[in-house]
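Numbering of ligands and ligand atoms starts at 1, following listing order. Nothing fancy with the numbering, it's 1 onward along the sequence.
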Amino acid sequence: MSATLRQPAPDEHKEALARLFDRSAPTYERTGVSHFADLGRRLVEHAGLREGERVLDVGCGTGAVLVPAARAVGPRGSVTGVDLSPGMVERARAAITEEGLDNARALVADAETAHWQPDGPADGSLDAVLAGISMFFFPHPRAAAARYRRLLGPDGRLALSWWGEQDARWAPVFAASAPYGGASSHRLPPDSPFRSVEDLHTMLSEEGFGSVDTVERPCVTRFRGVRQWWQWVWSTAGRQFWESVPQERMHEAIAAVEAELSRLRAPDGSLTSRNIVRFTVARVVR
Ligand SMILES: C[S@@+](CC[C@H](N)C(=O)[O-])C[C@H]1O[C@@H](n2cnc3c(N)ncnc32)[C@H](O)[C@@H]1O
């Protein structure tokens with residue numbers, strides 16, 4: 001990419017993200033592919049939530065982390081989910097109702113600042129801040145980490161999931177599409193702490209977390225076939241790339257990608273991606 005590529009200002013970036021996830025919201029995790037729900041359950045396990053704990057779920061989306069977190073902390077605990085996208089929050093609220101959870105709520109708010117009226121969290125009032133596949137979208141993750149550190153009490157944890165190495169077998173698929181579009185919600189700024197485990201650990205330690213650990217685990221996602229893969233892509237932030245492909249080049253772009261997908265298909269037509277997901281837990285140690 002050209003070095004002159006303009007980085008959007010934070011407010012513009014957040015507004016665009018909110019609209020992007022609003023467009024994903026109707027089909028997010030509804031294409032028959034279990035992806036974020038599985039990652040959400042696993043993040044909650046890594047966070048080691050206990051009964052009665054008070055939890056903030058930043059970038060809660062449709063509730064993939066929020067729902068298992070609310071179950072883990074039980075009726076004496078509480079979970080507040082916040083997300084920029086009203087469409088995602090509407091789905092999270094529906095999930096809270098469907099699951100009969102009296103200890104959870106979802107709000108439209110900027111989780112990066114975690115500062116909202118009238119009842120934003122007070123310093124030292126939380127046991128855990130959870131961020132499932134969300135914190136690398138923030139323009140200022142260091143400032144967010146500093147804020148979360150202040151919100152956490154003794155024994156508090158910040159637990160987040162983010163991407164590690166991506167399945168090299170799929171690189172030709174993304175290379176085939178690259179010439180046709182421009183936008184990508186996943187492009188990290190040059191100073192992002194999410195460029196390496198070491199950078200993230202340094203940032204979290206500098207912001208006052210006493211112990212930081214990351215484990216890398218497989219994230220295996222299976223698609224029944226090419227059609228389901230397309231449906232899944234359009235249900236995620238990955239749709240941003242495809243929205244940027246000019247209509248007159250769309251057929252050509254699809255054909256280029258499907259030629260590569262055909263090389264990845266198993267004899268039954270299914271597709272599997274094996275990526276690495278990282279679970280980082282940063283603890284307050286007094
Ligand atoms: C990939 S989704 C993950 C959602 C959910 N945690 C999950 O595991 O399925 C990322 C979410 O982060 C939200 N997000 C990104 N930046 C945000 C911010 N500054 N404040 C609140 N939400 C944000 C997006 O709107 C989106 O719903």
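Note on ring orientation: taking the six-membered ring where Trp is involved, the planes of Tyr28 and Phe36 are parallel (angle under 30°, cut-offs 30° and 60°).
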Let me see the working for Trp162 and Phe136 under ring pair (Phe, Tyr, Trp, His ring centres under 6.0 Å), right down to the final yes or no. CA-CA 7 Å; Trp162 52 297; Phe136 52 84; 8.1 Å; no
Give the C-alpha distance, both sets of side-chain angles, the deciding distance and a yes or no for side chain to side chain donor-acceptor pair (under 3.5 Å) between Ser85 and Asp22. CA-CA 6 Å; Ser85 154; Asp22 275 348; 2.6 Å; yes
Test side chain to side chain donor-acceptor pair (under 3.5 Å) on Trp234 and Glu243 and set out the steps. CA-CA 9 Å; Trp234 281 90; Glu243 288 172 345; over 6 Å; no
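Leu84 N, 3.2 Å is the protein heavy atom nearest to atom 21 (C) of ligand 1. At the shortest separation from atom 19 (N) of ligand 1 among protein heavy atoms lies Asp110 OD1, 2.9 Å. Scanning all protein heavy atoms for the shortest distance to atom 8 (O) of ligand 1 gives Gly132 O, 3.6 Å. Protein heavy atom in closest approach to atom 10 (C) of ligand 1: Ile133 O, 3.5 Å. The closest protein non-hydrogen atom to atom 25 (O) of ligand 1 is Asp83 OD1, 2.6 Å.
Close approach to Ala64 involves these atoms of ligand 1, each under 4.0 Å from a residue heavy atom: 7 (C), 8 (O), 9 (O). Residue Ala109 approaches ligand 1 through these ligand atoms, each under 4.0 Å from one of its heavy atoms: 20 (N), 21 (C). Counting atoms of ligand 1 from 1 in the listed order, those under 4.0 Å from a heavy atom of Met88 are 27 (O). Remark: ligand 1 atoms within the under-4.0 Å shell around heavy atoms of Leu17 are 15 (C), 16 (N). Remark: ligand 1 atoms within the under-4.0 Å shell around heavy atoms of Ser134 are 12 (O).
Heavy-atom minimum distance, Arg265 versus Val226: CD-CG2, 3.8 Å. Between Cys219 and Leu39 the shortest heavy-atom distance is SG-CD2, 4.0 Å. Shortest non-hydrogen contact noted between Arg278 and Glu165 is NH2-N, 4.5 Å. Across every non-hydrogen atom of Tyr180 and Pro246, the tightest pair is O-CD, 3.3 Å.
Of the listed residues (Gly59, Gly61, Pro141), the one carrying the non-hydrogen atom nearest atom 6 (N) of ligand 1 is Gly59. Selection from Tyr28, Phe36, Phe21, Phe137 by nearest heavy atom to atom 15 (C) of ligand 1 gives Phe137.
By the criterion of a heavy-atom distance under 4.0 Å, neither the backbone nor the side chain of Leu39 is placed next to ligand 1. At a heavy-atom distance under 4.0 Å, only backbone atoms of Cys60 (N, CA, C or O) approach ligand 1. Residue contacts with ligand 1, taken as heavy atom pairs separated by less than 4.0 Å, do not involve Ala131 at all.
For the pair Pro139 and ligand 1, no heavy-atom separation below 4.0 Å is found.
Taking only nitrogen or oxygen atoms, main chain and side chain alike, Ala111 reaches within less than 3.5 Å of ligand 1. The shortest N/O to N/O separation between Val65 and ligand 1 does not fall below 3.5 Å.
Through ILVMFWY side-chain contacts below 4.5 Å, Val220 is grouped with nothing and stands alone. Under a 4.5 Å side-chain heavy-atom cut-off, the cluster of Ile, Leu, Val, Met, Phe, Trp and Tyr residues that includes Val89 is completed by Val108.
A distance below 6.0 Å separates the ring centres of Phe137 and Phe21.
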